[in-house]
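Encoded as structure tokens, the structure appears first; notes follow it.
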Protein chains: 4
Amino acid sequence: MSPRRRDSESTATARAGRRAELLATAAEVFASRGYSATTVREVADAAGILGGSLYYHFDSKESMVDEILSTFLTDLWASYDRITAAGLGARETFHALIAESFRMIDLYRPAVMIYQNESRHLAANPRFGYLLDSMRRFREMWLSVLDRGVLDGEFRADLDTGLIYRFIRDTVWVAASWYRSDGALSADEIARQYIVMVLEGILET
Amino acid sequence: MSPRRRDSESTATARAGRRAELLATAAEVFASRGYSATTVREVADAAGILGGSLYYHFDSKESMVDEILSTFLTDLWASYDRITAAGLGARETFHALIAESFRMIDLYRPAVMIYQNESRHLAANPRFGYLLDSMRRFREMWLSVLDRGVLDGEFRADLDTGLIYRFIRDTVWVAASWYRSDGALSADEIARQYIVMVLEGILET
Amino acid sequence: MSPRRRDSESTATARAGRRAELLATAAEVFASRGYSATTVREVADAAGILGGSLYYHFDSKESMVDEILSTFLTDLWASYDRITAAGLGARETFHALIAESFRMIDLYRPAVMIYQNESRHLAANPRFGYLLDSMRRFREMWLSVLDRGVLDGEFRADLDTGLIYRFIRDTVWVAASWYRSDGALSADEIARQYIVMVLEGILET
Amino acid sequence: MSPRRRDSESTATARAGRRAELLATAAEVFASRGYSATTVREVADAAGILGGSLYYHFDSKESMVDEILSTFLTDLWASYDRITAAGLGARETFHALIAESFRMIDLYRPAVMIYQNESRHLAANPRFGYLLDSMRRFREMWLSVLDRGVLDGEFRADLDTGLIYRFIRDTVWVAASWYRSDGALSADEIARQYIVMVLEGILET
DNA sequence: GATGAATGAGAATTCATTCAT
DNA sequence: CATGAATGAATTCTCATTCAT
């Protein structure tokens, strides 16, 4: 509680704040221009500073995406884990996961876009091994929900669950590319309609 | 059938063939590594020639993607136009468009991936204005099919057709990223299941 | 006069100064080796930095010549305009323009050489349209002086003024290629003899 | 006179003709675009063949300029030598040399332009040593004429003959850059007026 | 924290030249 | 004679990164 300590605390906080601010800017730019097509200078420009100045905050361009993606994925999996651990039925779990995914898109739109567009390329780098892990976990999680649903007689048995899985995976995340938090439909409404579509189809019955 | 005629035929063919060959290689590499992350040298390596030699055939890296994408889109729209001009009902049109899309993925997998992953960035360049045109046409085409289907009572009226459109658009093309022509499911089988999924949903009834 | 003020002054000066310094170096090299035969690396070497570093200051090799030439021409025309607006007689204007031209050669020798040697080629590029403008203005300016001189009975009427104009234009600027500010004749002395030569001829009378 | 011999003769002639034709084209292009800014492909395009095909006729781009320049200079010096050996007075020699120079411009316009614009750069190459020789001879020839003229009381003694020499040299050759054989003034008329200008000046007397 | 000026590796592109056909 | 396709070195330009101030 000495002045010195308060100082260093507020400095640390300010620093973290600036860092987060810069990461948000970087994420935005990476998402819209593509990671490898984006120059460090473009990120800096968007942040209103000079290219070199970014290196006071980050080691490298790579460490920026790294932090953007790992922050997002950490939060994502905390949420997913909470849902899958809740002991819900297949259909309810399905519901909850989809809804949560759209909430994540709402929260981390740029990060989701980067995840969606750049994962394949980045994953070649050992540093981004966790991306592969995440994709694997994602697959297992969904297959487990779908397979259980088929077993329970809730989901159709005449469709390839592997295909359904890809179908869900792709459509959910790709929504990040057109979703606008200020658009006509809220994240929750999109999730609701999306769930209806996937569960019941678009045919009039 | 005289030797002379065979000669001039085979040269003409070789000429066009070499170009197509190089474009196929380039498309493959662009698709797998990402356009801007791919170096011209990588394309050349994959083609078994030196970097500079590509410039005998193409003006620039950009003109390579340009040709890859415009060739694909020209063929795609020729097919789509044939279908929409056939005077089918909404549901049959839906069917035919989806099936054709998967056939296109089968035929132009790398081009589709590039279209899917790089369109946004490339479209910033006036040279690629046709990408925006294509996206616009795509949207109009699908909305027209969906709206007609809703009017005809074939498609549900309680879902946002704009949302359905995006849903379809994204899932169809994204399949290019995992589709293997030598995989377990054929393009037609994928299309069939995909259509069932979208039309009837994944719920057991 | 506080240290702070001196600092910021000297930084601002250094900034503009560095650019001007590099341009002076580039002009020197372009003038002596020829613009298109000069490599960016040669300019950088002459400036004591690496090739890539030049691009921190300039967009391209082209923009370097551009700046060199436009700076020179801006100054040149300011001077010429001052003279032609002074309301002098044809012969006095003639005098003043020639003298000023030699002063410009003294001041901008490399730029003049580049102007002289590369204008034709560069002018094909729309970016250098001002070179054509300048040549046109130059022609009009001289023809107007010469024609007025003929009318006033000061210049001979039996010579083609178009020919005289070219004669003057070429000889004046071409002097840049051999003029040395440390040579035996000063710019003013050269101008003086030059004027005598053109006005009175080289014949003993 | 055997058919074989006639054949080889006419082939040789045709070959030489084609060679001269290509050189004329090359000279034109080098003159208008500048030697180092001109690509071999541009020359070939202008000749209606492909880049590589030029190498059937010439060893290199360099050997093309070489042949262009040396052909011109050989002819030029043959003429100059004839004149200086004729034992004329200073003024008559002056007359004859200028007239001959304009005739050369008429005959070898592109070569003269190349000589004028590229000599300095090319001369750095030992292969083009003859360019320096030519320049040196040129200087000596003119200084000798001028000095003799001053001694004989024909030319003014109050002007620096070195300056007059440069003045003549530059204005004469530079005319190649604007001279058109189909222009309003013939080579002879230009020479005539030029001689008057230089000898008597442009002042009305 | 940020700036201005560089570095240096590597990217895209150019171009003279070669060569089998 | 000419072509088509390459080579490979050089060139222009880009960009992540560094660092003294």
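As a basis for the values below, the full set of heavy atoms in this structure was taken, side chains included, without hydrogen atoms, waters or symmetry mates. We name chains A, B, ... by the order of the sequence lines, and we start the count at 1 in each one.
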Contact class for [X] (heavy atom, under 4.0 Å): base, sugar-phosphate, or nothing?
X        : result
Ser36(D) : nothing
Ile49(A) : sugar-phosphate
Ser63(C) : nothing

Does Arg127(D), at its CZ atom, have more than 12 non-hydrogen atoms belonging to other residues, nucleotides or ligands within less than 6.0 Å?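 Yes, CZ of Arg127(D) has more than 12 neighbouring heavy atoms, counting only those of other groups under 6.0 Å.
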
Under 3.5 Å, side chain of [X] to main-chain N/O of [Y], donor-acceptor pair present?
X         : Y         : value
Asp66(A)  : Glu62(A)  : no
Arg19(A)  : His57(A)  : yes
Glu42(A)  : Thr39(A)  : yes
Ser134(D) : Tyr130(D) : no

[X] side-chain N/O to [N] phosphate OP1/OP2 under 4.0 Å:
X        : N       : answer
Arg18(A) : dA2(E)  : yes
Tyr55(C) : dC13(F) : yes
Arg41(D) : dT17(E) : no
Ser53(A) : dT3(E)  : yes

Of the options dT13(E), dT7(E), dA16(E), whose atoms approach the side-chain atoms of Lys61(D) most closely?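 The answer is dA16(E), which lies nearest to the side chain.
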
Selection from dT17(E), dA2(F), dA5(E) that lies nearest to any side-chain heavy atom of His57(D):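 Comparing dT17(E), dA2(F), dA5(E) against the side chain of His57(D), the answer is dA2(F).
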
Each stem that DNA chain F is part of, given as range with range (3 or more consecutive Watson-Crick or G-U pairs, under 3.5 Å):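 Stems for DNA chain F, defined as runs of 3 or more consecutive pairs: E:2-21 with F:2-21.
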
Could Lys61(A) and Tyr35(A) be counted as a cation-pi pair, given that NZ or CZ must be under 6.0 Å from the ring centre and within 45° of the axis?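 Checked: cation-pi criterion met.
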
Map Val40(B) and Tyr56(C) onto DNA chain E by nearest heavy atom, then report which one ends up closer to the 5' terminus.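 So the residue in question is Tyr56(C).
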
Which sits closer to the 5' end of DNA chain F, Thr38(A) or Gly48(B), going by the nucleotide each is nearest to?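 Nearer the 5' end of the strand: Gly48(B).
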
Pick the nucleotide of DNA chain F nearest each of Gly52(B) and Tyr35(C); which residue has the one closer to the 5' end?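 On the 5' side of the pair lies Gly52(B).
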
Using a heavy-atom distance cut-off of less than 4.0 Å, which residues of residues 25-34 of chain B contact DNA chain F?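 By residue number: none to list.
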
Please verify the inter-ring angle class for Phe72(A) with Tyr108(A); under 30° counts as parallel, over 60° as perpendicular, anything in between as tilted.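 Judged by the thresholds at 30° and 60°, the geometry between Phe72(A) and Tyr108(A) is tilted.
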
